Every structure is written in C-alpha cells, then in structure tokens.
Amino acid sequence: MTYRGRFAPSPSGPLHFGSLVSALASWLDARAHRGAWLVRIEDIDGPRTVPGAAEDILATLERFGMHADEPPVWQSQRTARYQQALDQLQSARLVYPCGCTRKEIADSLLHAHARNTTLAYPGTCRAGLHGKPARAWRLRVPDGDAAVITFDDRWQGRQTQNLATEVGDFVLRRADDQWAYQLAVVVDDADADITHIVRGADLMDSTARQIYLQHCLGVATPRYLHVPVVTNEHGEKLSKQNGATALDSDKPLEALFAAARHLGLELGSETATSLEQFYGSATAAWAKRMKVRA
Ligand code: GLU
C-alpha cells in the first residue's frame, strides 16, 4: 500500500489553532508512514466560503513548512464528478428526491421525540413526493443489521453507528442546490486514492455515513483517525464561527509546539530552532504514539 493522506480545510476564514492541529496530525501521520500528503480546499459550500480564505490557508501551511506533494484540489471545480456519483446512485435506485422543508422535518421529529422514538429523518419521501416539489436528494439507508456501521478508529477505538435509527436517509444534494459535504468528501477521497484520513473528532459522527456511501459507490474505505478537537473556554469546538483567532504566521514554531502538546506528543524539549528540527522530533513522537512502523 502506498500511503496517501490529506488535509481538507473549508475556506470559511484563515487557519486557526483548531485547524492547525488537524493539519499537523495528518502531516505527521503521512511523514511517519513516508507517504504523500495532499491538500483539498473544501469550497463547495458557497454561502460559507470567504473570498481569499483559501489562498490565505495555503500560504500559512507553506509558511509553517507543511508542503503538499501535489497541487491542491478545489472542490468547486469538481461538481461534474459529484453529479456523476449522484447519477450512479440514481441508476442503482439508492437515492430519491425529497420535498420536505426543514420545518416539516422538525415537526415530525418533535412528534417522534415526544413518543421517545428516533430523531433520524423519518423517510417521509421514500415512497414518493406526494405532489410536493423535489428540494433535495437523499440516500436511502438500509434497515436492520445492515444499518449498523462499525469501524476501528486509530485514536478513538471501535465506533458503531446505526444509520437507520441515528441518522436516517441523508442528504447528498441540498435544497439550496449545493452538493452536500458527505458526497463531495467521499468522491474526492476516492478519486485521490486516499488511504488514511486524519481529521478532527467533530467529524467522527459523519464517518459511518461516509463508509456506507463508499459501499454504495463501490470505492475503498480508508483508515480513519480522529484527533481530539480544540475547545474554547466554554467547551465549544474552536471554529471560525465562534471567533477563533488566526495564527500568527511570524511565530510558526510557537503554534506548532502548542499543537503538538494538544496531540499529547512528547518532544523532550521545546527548543527546536528550525521547522525541520521540530518536524523531525514530532514525527518520531507521533510514530511512537500511534505505533507507526514505516
Ligand atoms: N472541510 C472539513 C472541515 O474543515 C473537513 C473535512 C474532512 O476532513 O473530511 O471541517
């Protein structure tokens, strides 16, 4: 196997400490495996994309010494591939159009909640649109045992999710005409032959959906590793939305040591004077912690 990893930032603002931790973890894992490390700009979510943020993130990664092995991939240029994947699923009758509004779904979930049953999408449009206009496209999830997806996360251990009871049929093409993250990420990782995904634990909840989608599309499932997310003083995930500050590009080593500490890496001393020196000891510490034998 030729290791291929990636970092896939959403350009909704400059790189902040939380995303640096994900970038560093994926970079160190690729280095520890002597593999390739790629960058993908997830600019598929039009409304959330901030002009200039992608270029800013790419420049910061360069200044921090994380150099991608191939030119970055931009999701906004790959919409034809997402359409092909949806067509493939449509031919296999695995997707269906959904006419439910958010309010209708919320109301039916409230109902379900009151009955103490599932909070998953109740499958209202599975049997047809009942005269409503199509808004989104959903992937039909299986029932029974086939709905249970299990995977072994390299950091968090065994994970199990029941797609039928915990998620329900999920959206691949949104009502606002945007491609859903779940579809884009699976198609992109497969097309780039990604073998290992290293990212923040906030995405753990999406992984079972992505594995099921891989099965439906007939593509390979990579190994997963979800690193603990960085939280603010209120215990919320650090994000551009809750005001995480951009990294100080003049002091990459300071931020990198803090990110390594967050990952629990034992670097001995914090006296590296160059990025190469830092990455040398951080890669060794990562390889030891994650039991990577290159
Ligand atoms: N673009 C996603 C984010 O910034 C990451 C997607 C992924 O790594 O799968 O949260």
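Hydrogens, waters and symmetry mates are skipped; everything else that's a heavy atom, side chains included, is used. The first residue of the sequence shown is numbered 1, and numbering continues consecutively from there. Owing to the predicted nature of the structure, the values given are computational and were not obtained by experimental measurement. Order of appearance sets the numbers: ligands from 1, and atoms from 1 within every ligand.
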Would you kindly specify which portion of Y181 sits under 4.0 Å from ligand 1, judged on non-hydrogen atoms: side chain, backbone, both or neither? side chain

For atom 3 (C) of ligand 1, tell me which residue out of P11, P9, S10 has the closest non-hydrogen atom. S10

Is any N or O atom of A8, backbone or side chain, closer than 3.5 Å to an N or O atom of ligand 1? yes

R6 near ligand 1 by a heavy-atom separation under 4.0 Å: yes

Take atom CG of D145 as the centre, draw a 6.0 Å sphere, and report whether it contains more than 12 heavy atoms from other residues, nucleotides or ligands. no

Give a yes or no on whether a salt bridge exists between D189 and R40, defined as a side-chain N under 4.0 angstrom from a carboxylate O. yes

Atoms in ligand 1 flagged as close to V185, the criterion being non-hydrogen separation under 4.0 Å: 9 (O)

Any idea how W286 and W155 line up, ring-wise: parallel (<30°), tilted (30 to 60°), or perpendicular (>60°)? tilted

Can a salt bridge be assigned to the pair D45 and R174 using a cut-off of 4.0 Å between side-chain N and carboxylate O? yes

Contact partition for L203 relative to ligand 1, non-hydrogen atoms under 4.0 Å: side chain

So if I count the atoms of ligand 1 from 1 in the order they appear, which ones are less than 4.0 Å from some heavy atom of R199? 7 (C), 8 (O), 9 (O)

Parallel, tilted or perpendicular: which one describes the rings of Y3 and H33, with boundaries at 30° and 60°? parallel

What class does the angle between the rings of Y212 and H215 fall in, given that below 30° is parallel, 30 to 60° is tilted and above 60° is perpendicular? perpendicular

